[in-house]
Amino acid sequence: MTRWVLGTFTLLVYAMVYLPIALVVITSFNQDTITTLPIEHLDTRWYAELFQDTKTLQSLWTSLQVGIVSTTVATMLGLLSALAIVRHDFRGKSLFMLLTVMPMLAPGIIMGVSLLLFARYIGFQTGFVAVLLGHVLLSLPYCTFILISSLARFDRSLEEAARGLGAGELSVLWRVTLPGIMPGIIGAALFAFTISIGEFVVSFFLTSAGTTTLPIRIYSIVKVGITPEINAVSTLILVATLLLSATALSLTWSKRN
Amino acid sequence: METAIALRRAGTHGQLACLLLPPLLTLLILFVAPISLMAVYGFWAIDENYLIQPSLQLTQYEKIAGDPLYLGTLASSAGMALLTTIGSLALALPLAYYIVRFVSPRWRVLLVLALIVPGWVSVLIRTYSWNLVIGEAGLMNWLLMSAGVIDEPIKLLFTKTSVIIGLIYIYLPYMLVPIYASIERLDNSVLEAAENLGADPFRRFIYVTLPLIAPGIVAGCVITFIPAVGEYVVPNMLGGLKGMMYGNLITTAFSNFDWPFGAALSMVLLASILACLLIVGRFLDVNRSMLGHE
């Protein structure tokens, strides 16, 4: 009895989670200009229009550039933090960990606004680099914690063996530790990239006219009036995010199970 | 021997410094410094020419305390975040319980992931997608009108309710993960012992399960409530004037170039969040329940 009630409930929650997303995908194939139901003709018209829309394509390119650079930086910084936290004991370690988690908890709007104030105060131009640094800050906690867990699970006796055979510290790191936690590194990077591609609030405060990321472009289109082209963009982002995160997960989880 | 140890120690110190410095500097420059600067800005003022007057004063805070709009919006945002927390708890708890109790371990992870992965799709897109469900020409109204239940479309969009629906949708994964983890860690022998002693399922849940998974529930509530209070995207896209939240006030102040006032509003939000964390932290070891076993 309990089983069936709970099971039905669970099914409804899944329906709630997937219904809006499914609607985005379905309406992206709607031929009509207005997104209304029922849908009468299906075609790929809006995808064709999307590939003609240079502003949106430009913003996609900006997002990819910001994503790739901020992911690289955040993953490297996260790796350093994780190595310090897992491999060393130092005064203020828990304070450092708290500082690392905080950007994950603070509302995005606070970070966006304070970064804007700070940039203007020190005379730093908002734009590409500012957005990029904002994304580094947002993904750093996730990268750090993913890499902490990969490092904690890594068998240290392999490093001892390498040292015993005469390898220096850097050589141990480069030839033993890093290859050993590579799935975690790739997972952290994909996670950071996913965050960067979807991020809106912080970028909103840090963009300049020349650097529009894809979410900001979507926002400006939605604010003017919803066109089915948005559904086409969203469907593409959706598919990309699902593929990226599935890959990230299979890499970070494979060792655990 | 002693020099060897000293050398080794200097070596690990140097190593540690190399590891710590880059991320520490990043966090100090991109997080601590901007927020500290914002704290200072909140005590400054602007003159009629929109020039910053860097002299310490309480004008901004007096303005916030003087107009019920500001603290009132903060209170209503907190109320909406609370409803969001309760709503996502009501969804996550039975769901996580069902998955752990009735689904085989092989499928469990996949089922949980199936709820988390959509959460990584841009908040903007997921929020916007609710337009298609609850908008005037959306699925809900179309279904209800086709079925003849209603004649006029229900105007749900741009109300507090639509914002709360959107918030629950966005924050459900935040609630689900710690609750699922705590239910999965539950020791079955304790429940069996309760059953052997004659406790019915209801009593087992209230007296055994609930206290044991309490840390997970608290962690889920904290990491749902805190970002929900400061949420900006959801009220902006689904809220309209009726469903405005505190984040909208902050943005308005900044788009009016009244930075000291925007900074003071932000500091009030940050202080309220810290106060909530301290209160919760007094009752439970948040670190422990959020970061796992350690």
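These figures come from a predicted structure and were not determined experimentally.
- Nearest heavy-atom pair, B/Gly247 versus A/Ile109, reported as atom, atom and distance to 0.1 Å: O-CD1, 3.2 Å.
- Screening residues 87-107 of chain A for side-chain hydrogen bond (donor to acceptor under 3.5 Å, both in side chains), with sequence neighbours left out, gives A/Arg87-A/Glu159, A/His88-B/Gln15, A/Asp89-A/Lys93.
- Only the side chain of A/Ala106 comes within less than 4.5 Å of a heavy atom of chain B; its backbone N, CA, C and O stay farther away.
- With a threshold of 4.5 angstrom between heavy atoms, A/Met102 approaches chain B through its backbone and through its side chain.
- Here the side chains of B/Pro201 and A/Thr2 are not in contact, with every heavy-atom distance at 4.5 Å or above.
- Options A/Val113, A/Val201, A/Leu238 differ in how many heavy-atom pairs under 4.5 Å they form with chain B, and the most are formed by A/Val113.
- Heavy-atom distances place no part of B/Val103 under 4.5 Å from chain A, backbone and side chain included.
- Looking at A/Leu99 and B/Leu24, their side chains come closer than 4.5 Å, going by heavy atoms from C-beta outward.
- Contact annotation for B/Leu265: neither backbone nor side-chain heavy atoms come within less than 4.5 Å of a heavy atom of chain A.
- At a 4.5 Å heavy-atom cutoff, the contact between A/Ile237 and chain B is made by side-chain atoms alone.
- Neither the backbone nor the side chain of B/Ala17 comes within contact range of chain A; no heavy atoms are under 4.5 Å apart.
- Only the side chain of A/Leu140 comes within contact range of chain B, with heavy atoms under 4.5 Å apart.
- Among residues at least two apart or in separate chains, salt bridge (Lys or Arg N to Asp or Glu O under 4.0 Å) pairs with a member in residues 213-222 of chain A are A/Asp53-A/Arg217.
- Per-residue counts of heavy-atom pairs under 4.5 Å with chain B were compared for A/Lys223, A/Glu199, A/Met104; the largest is that of A/Lys223.
- Between chain A and the options B/Pro94, B/Pro227, B/Ala263, B/Cys18, the largest number of non-hydrogen pairs under 4.5 Å is found for B/Pro94.
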*Residues A/Leu244, B/Trp120; criterion side chain to side chain contact (heavy atoms under 4.5 Å, CB included); working and verdict*: CA-CA 10 Å; A/Leu244 276 175; B/Trp120 292 340; over 6 Å; no
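- Using a 4.5 Å cut-off on side-chain heavy atoms (C-beta onward), A/Phe118 and B/Leu30 make no contact.
- Interface remark: A/Thr10 contributes backbone and side-chain atoms alike to the contact with chain B (heavy atom separation under 4.5 Å).
- Contact count against chain A (heavy-atom pairs under 4.5 Å) is highest for B/Ile35 among B/Leu274, B/Ile35, B/Ile226.
- Judged by distance alone, the side chain of B/Tyr128 and the main-chain N or O of A/Val24 form no donor-acceptor pair under 3.5 Å.
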*asked:* Is there a side chain to side chain contact (heavy atoms under 4.5 Å, CB included) between A/Leu105 and B/Ile223? Walk through the geometry before answering.
replied: CA-CA 7 Å; A/Leu105 280 178; B/Ile223 58 176; 3.9 Å; yes
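- Contact of B/Ser266 with chain A is made through backbone and side chain together, with heavy-atom distances under 4.5 Å.
- Side chains of A/Val222 and B/Leu124 form no contact here, defined as non-hydrogen atoms less than 4.5 Å apart.
- Using bins of under 30°, 30° to 60° and over 60° for the plane-to-plane angle, the ring pair A/Phe200/B/Tyr232 lands in the parallel bin.
- Remark: side-chain polar atoms of A/Tyr18 are not paired, donor with acceptor, to backbone N or O of B/Pro118 under 3.5 angstrom.
- Heavy atoms closer than 4.5 Å to chain B are found in the side chain of A/Phe9, but not in its backbone.
- Most heavy-atom pairs under 4.5 Å with chain B: of the set A/Leu12, A/Leu11, A/Thr241, this distinction falls to A/Thr241.
- Heavy-atom pairs under 4.5 Å with chain A were tallied for B/Leu143, B/Leu91, B/Val117; the largest tally goes to B/Leu91.
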_Determine whether B/Leu95 and A/Tyr14 satisfy the following criterion, side chain to side chain contact (heavy atoms under 4.5 Å, CB included), listing intermediate values before the conclusion._
CA-CA 10 Å; B/Leu95 184 128; A/Tyr14 278 91; 4.2 Å; yes
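- Both the backbone and the side chain of A/Met16 come within contact range of chain B, each with at least one heavy atom under 4.5 Å from a heavy atom of that chain.
- Contact of B/Ile29 with chain A is made through backbone and side chain together, with heavy-atom distances under 4.5 Å.
- Looking at B/Ala114, the atoms closer than 4.5 Å to chain A (heavy atoms on both sides) sit in the backbone and in the side chain alike.
- Between B/Pro23 and A/Thr144 the shortest side-chain heavy-atom distance does not fall below 4.5 Å.
- Proximity of B/Val123 to A/Pro215: side-chain heavy atoms (C-beta onward) are nowhere separated by under 4.5 Å.
- Under the 4.5 Å side-chain criterion, counting only non-hydrogen atoms from C-beta, A/Leu19 is not in contact with B/Met140.
- Of the listed residues B/Ala39, B/Ser36, B/Gly230, the one with more heavy-atom pairs under 4.5 angstrom with chain A than any other is B/Gly230.
- B/Phe102 and A/Leu6 get closest at one heavy-atom pair: CE1-CD1, 4.1 Å.
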_Derivation and outcome, side chain to side chain contact (heavy atoms under 4.5 Å, CB included), residues B/Val233 and A/Phe204_ = CA-CA 11 Å; B/Val233 178; A/Phe204 181 67; over 6 Å; no
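- Taking the side chain as every heavy atom from C-beta outward, A/Thr194 and B/Val121 never approach each other to under 4.5 Å.
- Looking at B/Asn141, neither its backbone nor its side chain comes within 4.5 Å of chain A, counting heavy atoms on both sides.
- If you tally non-hydrogen atom pairs under 4.5 Å between each of A/Ser234, A/Ala82, A/Gly108 and chain B, the highest count goes to A/Ser234.
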